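Treat the numbers as computed from the prediction; the structure is a model and nothing was measured. Excluded from the calculations below are hydrogen atoms, water molecules and symmetry mates; all remaining heavy atoms, backbone and side chain alike, are included.
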Amino acid sequence: MDAARGIRRLPGLGRTPRRIEPTRRPRIPTASAGGVRARTGGFGVAALGSVGSVRSVRRRMGARESSAMAPPKKVDGDILVKLGQQTLEAISRFTKSIPQQGVWKDVEPGQLAADFAKEPPVEPTEYGQILQKLETTIFPGALSWQHPKFMAYYPSSSSVPAILSETVIASIGSVGLQWKSNPIGTELEVVVMDWVAQFLGIGPAFHHTSGVGGGIIQNTAGEAMLNIMICARTRMHRRLQPDLSWEDAFHQDSSSFVVYISDQAHFSVEKACRLAGLRCRRVAARLEGNFSLQPSDVKEAMEKDRAAGLKPVALVLTYGSTNTSGTDDIAAFKDFAQEDDLWIHVDAAYAGAAWSLDEFKKDSQAVSEVVTSVNMNGSKWFLCGFDSAFLWVRDRQLLLDVFSASGVYMADAGELSIYNPEFKDWSVPLGRRFRALRIWMVFEYFGTSGIRSYIQQAIDQANWLRERIEEEPKGLFEQPVTTKFGLVCVRCPSDEATLGLASRLSELGYGIAPSKICDRDALRIALGSTATTQAHVEQLWKDMLAFVQ
């Protein structure tokens with residue numbers, strides 16, 4: 001598999017599947033077992049007595065009257081508290097059981113689905129039974145990215161405030177169509193996007209308070225990338241033909257437009273170019289420590305395309321590539337920013353979080369001076385959980401010119417200001433979840449000092465492991481690239497030994513995925529789980545040594 005395109009099938013997942021055994025836990029009583037009424041607070045059919053008596057009553061009343069016996073449709077505060085407490089207790093048991101389990105689930109497609117009925121339930125299910133199914137079927141089948149030994153892909157760092165905020169968001173139940181539909185949803189998003197931009201140091205030009213730039217929360221980095229590519233395409237048509245209306249600009253032929261990316265960039269960038277109707281030119285990054293684009297190579301590719309009648313439209317730089325966490329030198333592309341027609345975007349989905357540390361401030365300063373737009377994920381290395389992808393633009397009008405749309409059924413927005421930017425006109429979706437609440441709660445709960453210490457901890461753990469590999473006197477391991485964030489890339493002298501090490505670590509419960517670097521097998525050890533301690537990293541090193549010695 002191409003090194004830049006993902007992670008290979010994990011060792012051990014092709015074996016004969018075994019059934020996942022649930023962690024031992026106190027049995028949750030069902031309606032027929034008695035005692036459920038006290039636990040459910042009178043919720044649903046259990047409040048009427050045994051299941052048999054309820055069924056007999058329903059038979060006598062008929063189907064129409066029976067529907068009135070169903071659980072209440074409205075959100076009842078008392079019921080929510082009682083059932084919520086039971087749910088939190090189940091989550092607590094699951095969370096405590098995670099370290100005792102391995103990361104990977106040894107199952108085949110369809111094996112888990114077989115535990116569910118082919119058709120949806122006709123009658124309401126007592127909540128105790130739902131929780132029982134949750135604990136015996138759902139939790140055992142879920143791969144926990146919060147496991148202390150989860151070191152695959154990149155971390156998906158959730159946290160207590162991120163988890164609890166989802167309950168609050170669901171309880172409010174708003175749909176952020178526009179400012180008037182949930183004023184605090186829009187205004188808090190303005191506030192927290194400026195908080196994050198300030199925290200990362202990417203420059204006041206990207207703040208809402210600049211009155212020109214600003215940020216918006218997206219579902220994923222891929223979605224952010226698609227929005228940017230559509231804007232870059234439309235802007236180019238308008239610049240080439242100023243007399244075009246915006247409507248006509250959308251329908252122009254874009255087959256000659258080219259976007260330049262590193263061959264180490266995530267495949268979602270290429271996908272976004274394709275969906276936006278743009279050509280995507282992958283330029284080979286040079287190893288030289290860790291893969292990075294060279295300005296001279298990009299210029300050469302652009303010159304060849306211009307000679308062939310093609311038009312450079314955008315340049316996407318990567319900060320923290322998926323496979324090796326390599327970075328493009330943003331400051332080195334400052335001259336490219338002088339080309340008015342070229343849109344420069346930085347994909348910092350993972351490593352952008354490091355800009356909050358003094359060690360990487362020079363890179364965030366380069367963002368403030370060079371780029372048109374930038375994205376970073378709050379779900380990877382920022383404690384905000386999935387989904388929370390941040391996107392900033394230097395000029396919000398670039399988004400508004402493409403995505404603005406409305407109808408008579410929408411409330412009159414009135415005069416737009418900093419705090420009612422009408423985010424429906426900034427990207428594809430109309431309705432928006434109240435994700436800003438989660439970001440706000442995380443910042444309030446940890447403070448910037450707590451978030452920084454979490455990011456620094458992953459780097460410290462990775463540095464410790466990198467030093468052990470470098471100092472190992474027998475040359476049992478090597479690092480094919482130089483990394484500087486929370487990712488460590490390592491391999492054994494032979495591919496066979498590397499894959500054997502991957503299998504052994506999987507057997508020991510680690511979630512570490514093999515990949516390819518320079519056409520050779522290697523392991524990506526991505527540190528950053530909130531549960532991973534220095535002791536876990538030291539044990540990992542001992543287990544690695546035990547395999548090769």
Side-chain angles (χ1 to χ4, degrees), residues 154 189-190 192-210 212-232 235 259-262 264-266 268-269 272-273 276 292-293 313-322 325-334 336-337 342-357 360-382 384 388-399 402 421 423 426-427 439 455 485:
Y154 276 122
E189 186 159 343
V190 170
V192 298
M193 287 304 293
D194 278 7
W195 278 8
V196 180
Q198 180 181 358
F199 182 55
L200 299 179
I202 60 175
F206 293 101
H207 295 193
H208 281 275
T209 50
S210 71
V212 179
I216 182 173
I217 304 175
Q218 306 275 273
N219 290 313
T220 65
E223 179 183 293
M225 201 68 62
L226 174 59
N227 288 328
I228 290 302
M229 291 299 103
I230 294 173
C231 290
R235 184 185 74 157
V259 178
Y260 300 84
I261 68 174
S262 165
Q264 301 296 305
H266 195 274
S268 63
V269 184
C273 293
S292 63
L293 273 179
V313 172
L315 168 64
V316 178
L317 303 176
T318 299
Y319 194 86
S321 62
T322 300
S325 198
T327 61
D328 296 329
D329 184 355
I330 301 170
F333 290 86
K334 190 171 183 178
F336 286 70
L342 192 66
W343 187 305
I344 302 179
H345 179 81
V346 172
D347 176 17
Y350 162 65
W355 292 333
S356 62
L357 305 178
F360 303 101
K361 283 299 182 187
K362 62 179 179 61
D363 294 331
S364 64
Q365 179 63 33
V367 170
S368 69
E369 297 172 352
V370 174
V371 310
T372 314
S373 56
V374 56
N375 71 278
M376 191 271 282
N377 278 4
S379 58
K380 285 187 172 69
W381 200 15
F382 215 64
C384 291
S388 53
F390 307 134
L391 171 65
W392 293 271
V393 290
R394 188 180 296 275
D395 183 357
R396 67 183 70 177
Q397 195 63 43
L398 299 172
L399 300 177
V402 173
F423 284 130
W426 285 47
S427 62
I439 315 306
I455 296 169
F485 304 116

Apply the test side chain to side chain contact (heavy atoms under 4.5 Å, CB included) to residues Ser388 and Phe382: give CA-CA distance (whole Å), side-chain angles for both, the deciding distance (0.1 Å), then the verdict.
-> CA-CA 10 Å; Ser388 53; Phe382 215 64; over 6 Å; no
Is any side-chain heavy atom of Leu398 closer than 4.5 Å to a side-chain heavy atom of Trp343?
-> yes
Should Phe390 and Asn377 be marked as a side chain to side chain contact (heavy atoms under 4.5 Å, CB included) after you check the CA-CA gap, both sets of side-chain angles, and the distance that decides it?
-> CA-CA 6 Å; Phe390 307 134; Asn377 278 4; over 6 Å; no
Main-chain N/O of Ser268 paired with His266 side-chain donor or acceptor, under 3.5 Å = yes
Interatomic spacing from OG in Ser373 to CG in Asp395 - rounded to 0.5 Å | 11.0 Å
By ring-ring contact (aromatic ring centres under 6.0 Å, His included), which residues pair with His345, not counting sequence neighbours?
-> none
Gap separating the CD1 atom of Ile228 from the CZ atom of Arg235, nearest 0.5 angstrom = 10.0 Å
Arg394 side-chain N/O to Val371 backbone N/O, donor-acceptor pair under 3.5 Å = yes
Nearest heavy-atom contact between Tyr154 and Ser321 is OH-O, 2.7 Å
Between CG of Asn375 and CD of Gln218, what distance do you get to the nearest 0.5 Å?
-> 9.0 Å
Heavy atoms, side chains only, cut-off 4.5 Å: are Ile455 and Trp381 in contact?
-> yes
Beyond-backbone contact of Pro421 with Val190, side-chain heavy atoms, under 4.5 angstrom = yes
With a cut-off of 3.5 Å and sequence neighbours excluded, list every side-chain donor-acceptor pair involving residues 348-356.
unit_1	atom_1	unit_2	atom_2	d
Tyr350	OH	Gly486	N	2.9
Trp355	NE1	Tyr319	OH	3.4
Ser356	OG	Ala353	O	2.8

Does the pair Leu342 and Val313 meet the rule for a side chain to side chain contact (heavy atoms under 4.5 Å, CB included), with working shown?
-> CA-CA 5 Å; Leu342 192 66; Val313 172; 5.9 Å; no
Expected list for residues 326-333: side-chain donor-acceptor pairs under 3.5 angstrom, two or more places apart:
unit_1	atom_1	unit_2	atom_2	d
Asp328	OD1	Leu293	N	2.8
Asp328	OD2	Thr318	N	2.8
Asp329	OD1	Ala331	N	3.3

In a check of side-chain contact (heavy atoms from CB on, under 4.5 Å) between Leu317 and each of Val367, Ile344, Val374, which one passes?
-> Ile344
After noting the C-alpha distance and the side-chain angles of Trp392 and Met193, does the key distance pass the side chain to side chain contact (heavy atoms under 4.5 Å, CB included) rule?
-> CA-CA 8 Å; Trp392 293 271; Met193 287 304 293; 3.5 Å; yes
The side-chain contact (heavy atoms from CB on, under 4.5 Å) partners of Lys362 (sequence neighbours excluded) come to none
Is there a donor-acceptor pair closer than 3.5 Å between any side-chain N or O of Arg396 and the backbone N or O of Val212?
-> yes
Under 4.5 Å between any side-chain heavy atoms of Val259 and Leu315, yes or no?
-> no
From CG (Leu391) to OG1 (Thr220), nearest 0.5 Å | 11.0 Å
Mind checking whether Thr322 and Gln264 have side chains closer than 4.5 Å, heavy atoms only?
-> no
Applying side-chain contact (heavy atoms from CB on, under 4.5 Å) to Ala276 and not counting sequence neighbours gives Met229, Ile230, Leu278
Would you say the side chain of Leu200 lies within less than 4.5 Å of the side chain of Ser364, judging by non-hydrogen atoms?
-> no
Rounding to 0.5 Å, atoms OG (Ser210) and CG (Asp194) come to a distance of 8.0 Å
Applying ring-ring contact (aromatic ring centres under 6.0 Å, His included), name anything that partners Phe423, two or more places apart in sequence or on another chain.
-> His208, Trp426
If you round to the nearest 0.5 Å, how far is OG of Ser379 from CG of Asn219?
-> 10.5 Å
